[in-house]
Structures are given as C-alpha cells and as structure tokens.
Amino acid sequence: MNYTKRIIGNYKNEDVYEIKISLDSSRYVSFWSLGSRINEFYIEEIGNIILGYNCVDELLANRSYFFGATVGRVGGRISNASFNIDGKSYKLDKNDGENHLHGGDRGFDLRNWDFDIEENKDSIKIIFSLEDKTGPNYYPGNMKVKVTHTVTNEGDWIIDYYARCDADTIFNPTNHVYFNLNANENPITNHYLRVDSDYILETDEDLIPTGEKIDIGSSELDFSKGRNLGEVLESQDPEIMKNSGLDTAFILNKEDEVSLNLRNDRLSLDVLTDRDSLILYSLNKIDSNSSMPLVKNQGIAIEAQQLPDAINQKYFGSIILRKGEEFKCETKYKVRKI
C-alpha cells in the first residue's frame, strides 16, 4: 500500500487536496479535504463504484448531492430548524423549506479540513480534523471534530468519528456515500439489497419523522432476506410512491453483525455500524440544472446515523453531546469480489 497527495483546486483561498490510497496496481481509494469526503473507490475491470465529482468546481455547482461527504454537525433534517436543550432553545438556518438539512449552509461538507496521514503495516489512515466554532453555523459550542478514514490492505474502508465540545450541543454525523456496484454504467436496479431491519420511520410530506414507526414485514420494503432493488423501486408501495423511490430511515435490529448487504453479479458490499439506523436514498431526483451526466437511480446513498430529528422526538434516543464529553462511533464498508 502507498499514498499520494496533490492539490486539485482552491476553495476560499485554501488549497483543496486529494489523497489517493493505492492498495495495489488494480485498486485505489481517493479522498478530498473539502468535505472530508471519499470521492473514488476504484476496482480494476469494474471501475469507480461510488458517485463522485471530477473537480472542485463541479462539486460546488452540485453540492446538493453531497457525494461522499462528511455531513454534520447533524445529518438529515431537523424539524422547524430548531431544538431545545435543558429548556434553552436554539435556531438553525433553514436550508430545506422550513427545516434544517445536513448541517445547513455552513455544514461539514463545505469545510476544507486539515489532515494527517498515518501509515501502518496493514492500513493507511487519513485523520481529518476541524474546529467548528459556534456562531457561523448557529450550533452551540466550539467543537473539535476528527474523522478518520482507514483503508486496509484487504480493501475495507472504515470511518471513525470523534468529537468534543466546550458547551452542550447536538451531534449526529454521517457520510453521504452513494454506491453503484456497476461502476455507474447502469442504474442500481440490478442490485440486491438486504437490511437487518423490521421497521422504518414514518415521515410526513417534508420527510420529517412523525414519531411513529412502520412494520415492514411482508411489505415491498422488507429487505430482511434480500430483494431486487429494481422490483422495489418500481412497486406501488406507499413509501416508494411518496418519495419516487427510497428516501427512508431503516431502524436496525442489531441482531446481525452485518447491518446491510448490497450486491450485483460481480461485487458484494457489507456495511457494519454501531449506529441505530441506515438512511437509504436511491437518487430519486436529478437537478435539471446540473451539468453532471446523471440518471435517476444511478446510486444508492447509505447513511449510518442515529435516528433523524432525534432531538425533537421523544423516543428516538439522545444526540446531545454534553460539554467535555467524548463522542465516538464507527462504520465499516467491506467490498469483495464474488
């Protein structure tokens, strides 16, 4: 294994770096400092199995897809762009109608992260770090964040998150990677998906959780034994009809070590996470103004996080990070040839 780094552009008078980790002559994974994002996952004879950007300008013009980005402080939507901690109310920027989405206008995905690189016998780690100050992003507290992307010599990609804050705040980060095991040659409709989940969250027309969960046993969204994605995306299931595809929070059972498996006839992807849910989004909408050659269902986003809008829901668990406490979590992506 080895790595290279190079400047690929500029953002707000700061150099943006690409760090490319090569496992051998046939496989590599590349990361960008802008957004602490994964941008390529290349396998010889197949190609790049995630959606990414060709340059910084393309990213800036198509930010709304969040390809491969670290998302935070809070992934997903916060209803009414507001929340309460111990009786004190906070207002966030509204960047999704009346709601707050993916950390807002000053989210992690458009921050240029510092980084260090650590070489080990069986892996290479990129430790991205960021000081996220209160004020510009409306969240309380000055937070120090580290996101470590590890690539092992077997080709596993592991994300470890760490954070501390000098005030009580909320924190629920994720990575917005989209996979297409066809290497983007065709939509994901030939993929088979298995998810260790019996329930999804019910959402309203703005994709805000109602607080209720839906039993998906024996429904079109029952992926517990594996199903063809194309059949599900073409079904008349109410959830699919409402969102024109998957835009759905699957509550994990935590019964299997592998939370999700995605496969086609050449590759298999296992996702292992200590988070409570996976948000799956099947790229249902393409921006008509986008210059990128995208088609509907060209990838599926797999976002590991605590339940969305948890800060405003009574039974969703806590995403409050108390002053001085440490936050840690981990998600692994294991890709293997079949």
Practice item. State whether D274 and K332 are salt-bridged, where the test is any N-O pair (Lys NZ or Arg NE/NH1/NH2 against Asp/Glu carboxylate O) under 4.0 Å. Key: no

Between F115 and Y17, how do the two ring planes meet: parallel, tilted or perpendicular, split at 30° and 60°? perpendicular

Review point. Would you call K242 and D204 a salt bridge, taking side-chain N to carboxylate O under 4.0 Å as the test?
Key: no

Tell me whether R77 is salt-bridged to D309, with the criterion being a basic N under 4.0 Å from an acidic carboxylate O. no

One thing to verify: whether K125 and E119 come together as a salt bridge, which I'm taking to mean a side-chain N less than 4.0 angstrom from a carboxylate O.
no

Should we count NZ of K254 as having more than 12 external heavy atoms under 6.0 Å? yes

* Under 6.0 Å between the ring centres of H100 and Y90? -> no

Which label fits W113 and F128: parallel for a plane angle under 30°, tilted from 30 to 60°, or perpendicular past 60°?
perpendicular

May I ask you to check whether N261 and S268 show a side-chain donor-acceptor distance below 3.5 Å? yes

Inset, instruction - May I ask you to say whether R336 pairs ionically with D156, meaning some side-chain N is under 4.0 Å from a carboxylate O? - result: yes

Test side-chain hydrogen bond (donor to acceptor under 3.5 Å, both in side chains), reference Y28, set E40, E44, K20, output is E40

Practice task
Kindly assign one of parallel, tilted or perpendicular to the pair H176 and H102, based on the angle between their ring planes and the thresholds 30° and 60°.
Solution key: perpendicular

Smallest heavy-atom separation, L278 atom then S259 atom, equals CD1-CB, 4.1 Å

>> Could you check whether D24 and S26, counting side-chain N and O atoms only, form a donor-acceptor pair closer than 3.5 Å?
In response: yes

Other residues, nucleotides, ligands: >12 heavy atoms within 6.0 Å of F327 CZ:
yes

**Asked** Does the separation of the ring centres of F41 and Y333 fall below 6.0 angstrom?
**Response** no

| Do we see a donor-acceptor contact under 3.5 Å between the side chains of N182 and N264? | yes

* When you check the gap from the basic side-chain N to the acidic O, do K323 and D168 get nearer than 4.0 Å? -> no

Handout entry: Salt bridge flag under 4.0 Å for residues D109 and R63
Key = yes

For D196 and D256 the tightest heavy-atom approach is OD2-N, 3.2 Å

**Request:** Please state whether the rings of Y178 and Y281 are parallel, tilted or perpendicular, taking 30° and 60° as the class boundaries.
**Result:** perpendicular

Original post:
Hey, is E326 close enough to R164 for a salt bridge, meaning N to O under 4.0 Å?
Top reply: yes

